[in-house]
Amino acid sequence: MPKRTTHTYSSEDAAPDGPDSDLFVYYCKHCGSHLLITDTQLQKMPKRKTDKAYVLDKNKHLARLNISEGGKVLLKRGEGKVEKQFRMNCVGCELFVFYRSEQDLDSASLIYVVDGALSTVAAETNPQDAPVPPCISQIDGGLVQVAIEVEDRAQRSAITRVNADDVRVTVAAPAARGEANNELLEFMGKVLGLRLSQMTLQRGWNNKSKLLVVEDLSARQVYEKLLEAVQP
């Protein structure tokens with residue numbers, strides 16, 4: 001998992017055209033954290049055809065970002081092409097909100113704004129409007145895959161956080177002999193309203209990281225149910 005440190009970047013060479021120029025402030029649509037100050041409106045930016053991301057040109061517009069680095073991701077596009085994204089996350093909830101094609105942010109001329117990730121209202125936290133984070137994804141066969149980070153031997157079973165990388169879940173049972181896995185499945189079944197036969201738990205990259213595959217729900221439905229159940 002990439003190291004996350006919070007930075008604030010600005011494009012000093014693209015300052016507004018005077019003291020009376022309008023500035024627009026944008027916030028994370030999920031948690032309300034301040035993320036971007038620019039001198040152009042989001043809806044006036046051009047959009048990519050591939051993922052409908054807004055394109056913010058730092059050579060033409062002010063771009064002051066308050067983000068945490070989210071690491072590099074390679075995506076397969078049409079005709080065998082591979083796209084490299086250096087992702088940037090919300091400083092509050094770590095939701096994936098921006099990306100760029102160059103590793104160095106200062107030299108990157110274009111910042112891509114994830115469609116539906118930003119709001120002009122700081123307090124807007126309606127889960128129906130928030131984008132589904134990458135840790136919850138629709139896969140083949142109408143199934144949904146959820147990346148889960150499990151903490152065993154806790155005081156109670158609970159969902160403590162939903163961020164870009166994973167869903168954090170605590171369980172009371174120890175990891176030994178699969179007891180934590182059994183409790184996790186029973187708990188997630190209650191949260192999602194599913195039977196055990198509708199869920200499959202796979203071991204991830206270590207004992208605490210799991211992949212839960214569920215049936216009969218969309219990624220959006222899973223996300224909203226998990227958000228409703230969060231108990232920090």
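Looking at residues two or more places apart in sequence or on another chain, you find no salt bridge (charged side-chain N to carboxylate O under 4.0 Å, His left out) involving Lys84. Residues forming a salt bridge (charged side-chain N to carboxylate O under 4.0 Å, His left out) with Arg100 (at least two apart in sequence, or on another chain): Glu69. For Gln221, the side-chain contact (heavy atoms from CB on, under 4.5 Å) partners two or more places apart in sequence, or in a different chain, are Leu217, Ser218. Residues passing the salt bridge (charged side-chain N to carboxylate O under 4.0 Å, His left out) test with Glu83, sequence neighbours excluded: Arg48, Arg77.
Judged by distance alone, the side chain of Tyr26 and the main-chain N or O of Leu42 form a donor-acceptor pair under 3.5 Å. Looking only at distances, a side-chain donor or acceptor of Thr170 sits under 3.5 Å from a matching main-chain atom of Arg156. Put simply, the side chain of Asp39 gets close to the backbone of Leu62: a donor and an acceptor are under 3.5 Å apart. Side-chain atoms of Asp166 do not come within 3.5 Å of backbone N or O of Ala147 as any donor-acceptor pair. Proximity of a side-chain donor or acceptor of Gln85 to a complementary backbone N or O of Ser101 within less than 3.5 Å is not detected.
Taking the ring axis of Phe96 as reference, the NZ or CZ atom of Arg87 stays within 45° of it and closer than 6.0 Å to the ring centre.
Expressed to the nearest 0.5 Å, how far NE2 of His34 lies from CG of Asn66 amounts to 6.0 Å. Between atom CG of residue Leu23 and atom CZ of residue Arg64 there is a gap of 7.0 Å, rounded to the nearest 0.5 Å. Remark: Leu56 CG to Thr40 OG1 distance equals 8.0 Å, nearest 0.5 Å. The line from OG1 of Thr38 to NZ of Lys44 is 11.5 Å long, rounded to the nearest 0.5 Å.
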Check the pair Leu211 / Val146 against side-chain contact (heavy atoms from CB on, under 4.5 Å), numbers first and verdict last. CA-CA 6 Å; Leu211 290 176; Val146 185; over 6 Å; no
Mind running side-chain contact (heavy atoms from CB on, under 4.5 Å) on Ser157 and Val169 for me, showing each step along the way? CA-CA 7 Å; Ser157 295; Val169 182; over 6 Å; no
Chi angles and distances behind the side-chain contact (heavy atoms from CB on, under 4.5 Å) call for Lys208, Ile148: CA-CA 8 Å; Lys208 292 186 176 181; Ile148 298 178; over 6 Å; no
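Nearest approach of Leu36 to Ala63, heavy atoms of both residues: CD1-CA, 4.4 Å. Residues Val230 and Thr160 come closest through the heavy atom pair CG1-O, 3.8 Å. The shortest non-hydrogen separation linking Val171 to Ala180 is CG2-CB, 3.9 Å. Minimum interatomic distance between Cys93 and Cys28 (heavy atoms only, all atoms of both residues): SG-SG, 3.7 Å. Across Ser197 and Glu215, no two heavy atoms sit closer than the pair O-OE2, 4.0 Å. In plain terms, the two heavy atoms of Ser68 and Cys90 that are nearest each other are OG-O, 3.9 Å.
Within a 6.0 Å radius of CD in Gln41, other residues, nucleotides and ligands contribute more than 12 heavy atoms. Within 6.0 Å of atom CD in Gln43, more than 12 heavy atoms from other residues, nucleotides or ligands are found, so the atom counts as buried in its surroundings.
The side chain to side chain donor-acceptor pair (under 3.5 Å) pairs that include a residue from residues 134-148 number zero, where partners must be two or more places apart or lie in different chains.
The closest side-chain donor-acceptor pair between Glu149 and Ser209 falls under 3.5 angstrom. A donor and an acceptor atom, one from each side chain of Asn89 and Glu94, are nowhere located under 3.5 Å apart.
Side-chain contact between Met88 and Leu105 is present, with at least one heavy-atom pair separated by less than 4.5 Å. At a threshold of 4.5 Å between non-hydrogen side-chain atoms, the residues Val97 and Leu35 count as touching. Between Leu118 and Val113 the shortest side-chain heavy-atom distance falls below 4.5 Å. Contact annotation: the side chain of Ile139 never approaches that of Val144 to less than 4.5 Å [non-hydrogen atoms, C-beta and beyond]. Side-chain contact check for Thr200 versus Leu212: every heavy-atom pair is 4.5 Å or farther apart. Taking the side chain as every heavy atom from C-beta outward, Ile111 and Lys58 approach each other to under 4.5 Å. Between Leu226 and Ile136 there is a side-chain heavy-atom pair separated by less than 4.5 Å.
A ring-ring contact (aromatic ring centres under 6.0 Å, His included) with Tyr112 is found for exactly one of Phe86, Tyr99, Tyr54, Phe98, namely Tyr99.
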Report, one line per pair, each donor and acceptor closer than 3.5 Å where one atom sits in a side chain of residues 185-195; sequence neighbours left out.
none

